[in-house]
2 protein chains.
Amino acid sequence: MKNTKNDRRSQRTRQLLTTALLELMLEKNYDSITVQDIIDRANVGRSTFYAHYLDKEDLLTSQFEEVGRHLGEVAYQDGYILFPTLKVFQHTQENHHLYKALVWGKGIEVIFKAFEAHLNAHLEAELRHKLGERSSPIPLPIVTHYITGAFLTLLKWWLDNNMPVTPEKMDAYFRQLVTPSIQSALNIEF
Amino acid sequence: MKNTKNDRRSQRTRQLLTTALLELMLEKNYDSITVQDIIDRANVGRSTFYAHYLDKEDLLTSQFEEVGRHLGEVAYQDGYILFPTLKVFQHTQENHHLYKALVWGKGIEVIFKAFEAHLNAHLEAELRHKLGERSSPIPLPIVTHYITGAFLTLLKWWLDNNMPVTPEKMDAYFRQLVTPSIQSALNIEF
DNA sequence: CTACAAATCGAACAAAGTGTTCATTATCGA
DNA sequence: TCGATAATGAACACTTTGTTCGATTTGTAG
């Protein structure tokens, strides 16, 4: 098939561009990175870049939205209530070079947005299920945003400070903080 | 004094520029706003703009960092532990036109960063005071970031959704969620 | 091996925006 | 009215953007 051939070549080009952008984000501010920088680093022709992406922003988001979605899905592959936060902390530590680049640049915002959306959706569904017939005294979107907001802020803080404690400790701290809130707010045990 | 005269003129010019930027942010994406747009709207000469600010970013941050600091200070003028969140919700609602512009643009990030720094610092100091000699089972920075992260996320969510509940209700929800956490985590009563 | 189609290359281009310079004009206090 | 300071805006060199297009490379089907 022709598809195979085209796809492989194109895919490799996209990979080169993504890698180049990531490398550059480790070196300098995202806003000051030009398309020229990226294609120089990636050894890719100017017109090729624009054949694949609309602009620099497009390269950033199209790649990293996927990462965010992926994170959201991984986080939910088990039936946890309050999702497996430990996994996320661990995954973040293992790939912290990637995430440092994202924190430095503004890529992290894109990922977090996609991640947050997933977390909120799943969390709301699970809480609703757990509640059953009872209604929540606090609107569920408020509860879910409260939880994901706190979680992502801690995750970012942890990264910014070069992960001063282990993922296991972070997870324990987070759960210690969030559990009583949910229990008392929704009268749910878990 | 000459200062008075200069200051007044300069100040007025800066005001014009800030207002123009705010208006423009209501109309279109921050990144697509040019310096030309701003000075046209403000009826200010090009060179005047650059006499006051380094670039567009500088205009944004120098003005809005102040807003963030101001918010942080206002929030602490009473001796609350867990700062007067209600006031912040109310203030946000009263000035929601301003904040909508900021949410739409990316100005909100700048403000939140400055605001968050203040909240964290004050919160940590107060919690430490409240703890006295006892040491916290959870590192205080983690507690404070947990709280401010959750708070700012809820504040943003509330704005994004056009403030579907009253400031009083938001405040009550937030406190209901966060109070048990802190009590159980730090053994503090308040 | 050859032929072919798809992907890449890179030079050239117009367009837009940036930040600076400087001679000129407006403003306001003394 | 004078003088200092601020604002003006045209002109400038420079950077970046996104597009076009003919030449070139690459991988595969036959």
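We name chains A, B, ... by the order of the sequence lines, and we start the count at 1 in each one. Just so it is clear, the structure is predicted and the values come from calculations on it, not from any experiment.
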> If the sugar-phosphate is the primed atoms plus P, OP1 and OP2 and the base is the rest, what is the B/S/- string for nucleotides 17-25 of chain D, using protein heavy atoms under 4.0 Å?
Replying inline: BBBBB----
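- C:dG17 atom C1' lies 14 Å from atom CG of B:Asp31, rounded to whole Å.
- Using a 4.0 Å cut-off between charged nitrogen and carboxylate oxygen, A:Asp37 and A:Arg41 do not count as a salt-bridge pair.
- In terms of the side chain to side chain contact (heavy atoms under 4.5 Å, CB included) criterion, residue partners of A:Arg46 (sequence neighbours excluded) are, by chain and number, A:Val35, A:Gln36, A:Ile39, A:Tyr50.
- The separation between B:Leu24 atom CG and C:dG17 atom C1' is 16 Å, rounded to whole Å.
- Under the side chain to side chain contact (heavy atoms under 4.5 Å, CB included) criterion, B:Pro167 pairs with B:Leu86, B:Phe89, B:Gln90, B:Gln93, B:Trp158, not counting sequence neighbours.
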>> Pair A:Leu155, A:Phe174 - check side chain to side chain contact (heavy atoms under 4.5 Å, CB included), show working.
In response: CA-CA 10 Å; A:Leu155 191 59; A:Phe174 173 69; over 6 Å; no
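- Protein atom CD of B:Glu57 is 17 Å distant from nucleotide atom P of C:dG17, rounded to whole Å.
- Between the CZ atom of B:Arg8 and the P atom of C:dT27 there is a distance of 16 Å, rounded to whole Å.
- Contact annotation for A:Asn43: backbone-only contact, meaning every heavy-atom pair under 4.0 Å involves sugar-phosphate atoms and none involves a base.
- When distances are taken from the side chain of A:Ser10 to each of C:dT8, D:dT28, D:dT8, the shortest belongs to C:dT8.
- If you take CD1 of B:Ile39 and P of C:dT20, they are 13 Å apart, rounded to a whole angstrom.
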